[in-house]
Number of protein chains: 2
Amino acid sequence: MAADKTTPKYVLVEDYLRNQIKKNRISDRLPGERALAAELGFSYMTVRKAVENLVNEGLLYKVPTKGTFIADQKANKTRTRTIGYFLDSRIAGGLSSPYYSMIFNAIEKQATRQGYSLVYFSDSSDSNLQMILQKLDGVIASSFLRIENLIQQMKAIVPVVAIDNSVADKTIPSVIVDNFNAQIQSVDYLCSLGHQHIGFMTGLEDSDAGKNRYAGYKSGLIKQGIEVDPALVFRGNYTFGSGVSGAQYFLELEQRPSAIICANDSMALGAISKLHQEGLEVPADMSIVGFDDIDIARQITPPLTTVSVPIDEIASCAFNMLTSLIEGRTLENRHVALEAHLVARGTSREPAKSEVTA
Amino acid sequence: MAADKTTPKYVLVEDYLRNQIKKNRISDRLPGERALAAELGFSYMTVRKAVENLVNEGLLYKVPTKGTFIADQKANKTRTRTIGYFLDSRIAGGLSSPYYSMIFNAIEKQATRQGYSLVYFSDSSDSNLQMILQKLDGVIASSFLRIENLIQQMKAIVPVVAIDNSVADKTIPSVIVDNFNAQIQSVDYLCSLGHQHIGFMTGLEDSDAGKNRYAGYKSGLIKQGIEVDPALVFRGNYTFGSGVSGAQYFLELEQRPSAIICANDSMALGAISKLHQEGLEVPADMSIVGFDDIDIARQITPPLTTVSVPIDEIASCAFNMLTSLIEGRTLENRHVALEAHLVARGTSREPAKSEVTA
DNA sequence: GGATTAAAGTGCTATATAGCACAAATACAA
DNA sequence: TTGTATTTGTGCTATATAGCACTTTAATCC
């Protein structure tokens with residue numbers, strides 16, 4: 001390699017490697033540092049310095065004891081060691097929603113532990129996205145049907161991992177919960193206590209999570225030989241207020257359910273609040289089951305029976321998948337469905353006697 | 001310098017230098033690399049590697065042939081149009097705390113509107129702070145006594161505005177609420193309904209906000225000619241669970257208060273939950289007043305009587321102060337105290353008759 | 001054919017040594 | 001006192017060498 005008096009040798013090595021990569025003469029893994037030094041006629045430490053600079057640029061990545069690899073082209077973007085969490089601004093309450101704030105806390109814990117900063121963003125205007133995505137190495141997005149186009153836009157610029165719901169475009173990795181089977185557990189549990197007349201408050205309609213929870217409720221009833229009664233279904237929207245409205249609805253039915261399954265904890269808490277206001281006792285007069293297992297669910301008296309979503313596992317899994325993508329690696333499993341389990345606490349018991357004999 | 005088997009020597013040198021800089025033992029220029037190597041007993045190249053890493057972090061800068069200097073981190077910063085919100089990781093629940101998530105939502109709205117990204121961070125380790133602050137133009141910090149040193153560290157690097165509590169160092173701008181007078185309003189209102197026996201649940205002890213709310217409670221009573229009874233004060237910590245415990249405490253008193261003022265809404269909700277569980281009605285049997293006005297406070301049945309903190313105004317004010325500082329302007333008013341007002345809703349009424357005649 | 005051991009390959013840390021180009025400090029001569 | 005030359009100090013580039021911890025590959029043995 002022709003030496004140049006003014007250019008440092010390590011810069012010459014950098015330029016040579018950049019050129020090899022650009023011309024696809026190296027396409028996966030570099031020769032080892034010692035071999036490269038021998039091949040180019042420079043010292044081992046000079047070659048190491050050049051390779052390290054290319055790593056810092058994002059062109060290469062190193063795996064100790066395994067080798068030095070070409071980074072995915074998308075990873076050629078200037079690394080900022082910052083990721084983003086996107087929660088659409090149309091979600092009621094944004095991060096004031098207890099579930100999303102738990103998710104966010106968990107992601108922040110992972111990010112901090114591995115030396116990343118975490119940006120929160122919710123505005124979906126093109127200009128805002130462009131501006132923010134320039135600063136990010138990748139995004140974890142709480143996904144809904146309504147934002148699939150947004151997720152496509154993000155994906156064109158940075159790696160994206162979807163959580164809560166997967167995306168129609170299956171090239172986008174996702175971490176979700178098996179809502180369907182988790183909701184069946186709630187039905188099974190209530191039936192095991194003797195409940196036959198079980199109401200359901202739905203979540204949002206444009207989310208697979210919401211749909212799957214509802215499907216799990218119906219499937220669970222059918223499995224128990226109980227006919228699905230549309231009158232026992234109230235359309236909620238995951239908010240405390242809609243839980244209050246839902247309880248009101250069920251109380252006004254001629255034949256009240258003896259238990260209500262809510263598609264999330266906020267609605268369950270709203271329902272309990274309303275029942276108390278009407279002089280009913282939980283679970284003596286009506287059993288309530290939630291979903292998510294937010295902090296308050298454990299703290300109320302009695303503590304809420306609910307499906308516990310593995311928040312830390314979702315965050316950890318999504319984060320690790322994202323950093324793998326950022327570093328140019330491919331994922332072994334692009335779609336992960338984690339299990340959630342029912343936790344029986346104090347807001348459920350066998351139906352009041354009058355309900356059973358009726 | 002004590003060697004550690006697992007920590008690379010160059011990292012030990014980094015930490016040593018960071019520490020020297022933090023303690024102002026080096027304030028302008030470092031000793032030369034050869035001298036430093038001799039002083040510390042490590043090799044020249046090891047010291048060079050450490051110094052280079054600190055240069056990459058933004059702590060130092062080198063001038064070939066002249067030396068290595070402490071970076072004036074404010075002046076040298078590249079603008080990123082990103083601000084940070086800091087909430088110490090020791091705050092229970094982090095952003096799952098309804099008040100802080102509302103604050104965060106409001107800051108995010110301001111930031112997005114004015115073309116800024118928002119990073120959330122809670123970890124206070126030196127390395128994390130250094131790494132994150134490099135990326136930020138400024139910080140809004142929810143302040144407590146325990147993090148005053150942290151705020152000093154941040155201030156050395158970026159402009160900082162404190163919210164919730166001001167800082168002993170009055171050069172640091174702040175936006176707070178007039179907790180004292182707001183809490184007096186709660187006492188006045190309950191007295192106007194006929195309450196004479198009023199309990200209080202305190203917030204955190206290391207916050208001026210908590211102290212001022214408690215001071216307002218006492219001052220309000222004295223103003224009404226009511227003696228302050230220490231038995232009517234329960235030490236809470238702003239959590240729902242401590243509200244439950246507080247209600248338990250008051251119920252066990254020989255002479256129960258007819259009303260309870262809670263230093264925040266989460267404790268108020270916990271108290272209500274417990275009272276319902278014990279078969280008492282709010283406000284028929286006991287009146288409850290909160291502080292903050294979180295979303296759920298309006299949604300429960302009956303809706304909570306509470307002091308409404310002007311969240312959007314706090315966020316807007318703090319954000320505008322911060323961007324002024326970022327842009328190099330000085331502030332007309334460095335310390336802003338906003339008013340909060342009591343909102344009388346459904347959890348308060350005149351005491352039950354038996355309480356009045358007793 | 002499978003298990004075990006040894007060898008080779010990988011990036012990583014660390015040190016010693018040498019000399020470059022340049023700036024600042026010091027010594028000396030006019 | 002000023003100008004010039006020399007010395008010292010600064011970060012920079014470069015190389016050689018050594019060994020660590022771990023992974024992969026090859027050789028050997030049963």
Side-chain angles (χ1 to χ4, degrees), chain A residues 1-17 20-21 26-71 75 114-115 323-324 327-329 332, chain B residues 1-17 20-21 26-71 76:
Chain A
M1 173 176 292
D4 180 318
K5 263 196 185 148
T6 58
T7 306
K9 286 178 176 174
Y10 74 83
V11 173
L12 295 177
V13 175
E14 285 178 25
D15 290 343
Y16 164 78
L17 292 174
Q20 294 289 84
I21 295 164
I26 308 175
S27 57
D28 178 36
R29 201 180 94 148
L30 266 64
E33 288 164 350
R34 292 176 182 82
L36 209 42
E39 179 190 326
L40 301 181
F42 294 139
S43 88
Y44 169 67
M45 294 307 294
T46 298
V47 169
R48 267 187 65 78
K49 185 178 171 80
V51 170
E52 271 169 31
N53 286 350
L54 296 184
V55 166
N56 287 339
E57 272 182 36
L59 268 174
L60 302 173
Y61 69 95
K62 290 186 177 190
V63 183
T65 80
K66 285 180 185 290
T68 303
F69 301 86
I70 309 297
Q114 302 202 37
T323 52
S324 290
E327 285 157 18
R329 297 198 283 280
E332 279 183 40
Chain B
M1 175 173 290
D4 181 317
K5 266 206 184 133
T6 58
T7 306
K9 286 178 174 174
Y10 73 85
V11 174
L12 296 178
V13 176
E14 285 177 25
D15 290 342
Y16 165 79
L17 291 174
Q20 292 291 82
I21 294 164
I26 307 175
S27 56
D28 179 36
R29 202 181 93 149
L30 265 65
E33 289 164 351
R34 291 176 184 82
L36 211 43
E39 180 189 325
L40 301 180
F42 294 138
S43 87
Y44 168 67
M45 294 308 294
T46 298
V47 169
R48 267 187 66 77
K49 186 177 171 79
V51 170
E52 270 170 32
N53 288 348
L54 295 184
V55 168
N56 288 339
E57 272 182 35
L59 268 174
L60 302 174
Y61 68 98
K62 289 186 179 189
V63 183
T65 80
K66 285 179 184 291
T68 304
F69 300 86
I70 310 295
N76 287 354

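Values below: every heavy atom of this structure, side chains too, minus hydrogens, waters and symmetry copies.
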How close or far is atom [atom2] of [N] from atom [atom1] of [X], stated in whole angstroms?
{"X": "B/Leu40", "N": "C/dT15", "atom1": "CG", "atom2": "P", "answer": "11 Å"}
{"X": "A/Phe69", "N": "C/dG9", "atom1": "CZ", "atom2": "C1'", "answer": "12 Å"}
{"X": "B/Glu52", "N": "D/dT13", "atom1": "CD", "atom2": "P", "answer": "8 Å"}
{"X": "B/Glu39", "N": "D/dT10", "atom1": "CD", "atom2": "P", "answer": "12 Å"}
{"X": "B/Asn53", "N": "C/dA14", "atom1": "CG", "atom2": "P", "answer": "11 Å"}
{"X": "B/Leu54", "N": "D/dG11", "atom1": "CG", "atom2": "C1'", "answer": "16 Å"}
{"X": "B/Tyr61", "N": "D/dT10", "atom1": "OH", "atom2": "C1'", "answer": "14 Å"}
{"X": "A/Lys66", "N": "C/dT10", "atom1": "NZ", "atom2": "C1'", "answer": "10 Å"}

Any side-chain heavy-atom pair from [X] and [Y] closer than 4.5 angstrom?
{"X": "A/Leu12", "Y": "A/Leu40", "result": "no"}
{"X": "A/Lys49", "Y": "A/Glu52", "result": "no"}
{"X": "A/Leu36", "Y": "A/Val13", "result": "no"}
{"X": "A/Leu60", "Y": "A/Ile70", "result": "yes"}
{"X": "B/Asn53", "Y": "B/Val11", "result": "no"}

Results of ring pair (Phe, Tyr, Trp, His ring centres under 6.0 Å) for B/Tyr44 - residues two or more places apart only:
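B/Tyr44 satisfies ring pair (Phe, Tyr, Trp, His ring centres under 6.0 Å) with no other residue.
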Do A/Glu14 and A/Tyr10 have side-chain N/O donor and acceptor atoms under 3.5 Å apart?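 Distance-only check fails for A/Glu14 and A/Tyr10.
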Let me spell it out: for each of B/Met45 and B/Ala35, pick the nucleotide of DNA chain D with the closest heavy atom. Which residue's pick is nearer the 5' end?
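Final value for this comparison: B/Ala35.
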Does [X] have a side-chain nitrogen or oxygen under 4.0 Å from the phosphate oxygens OP1 or OP2 of [N]?
{"X": "A/Lys9", "N": "D/dT15", "result": "yes"}
{"X": "B/Thr46", "N": "C/dT13", "result": "no"}
{"X": "B/Lys62", "N": "D/dC12", "result": "yes"}

_Residue B/Arg48, side-chain atoms from C-beta onward, closest of D/dC12, D/dT15, C/dG11_ =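 So the nucleotide nearest the side chain must be D/dC12.
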Q) From C/dA23, D/dG11, D/dT13, pick the nucleotide closest to the side chain of B/Glu33? A)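 Shortest atom-to-atom distance from the side chain points to D/dG11.
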Under 3.5 Å, which protein N or O atoms sit close to an N or O of nucleotides 19-22 of chain D? Give each pair with its distance.
residue : atom : partner : partner atom : Å
D/dG19  : O6   : A/Arg34 : NH2          : 3.3

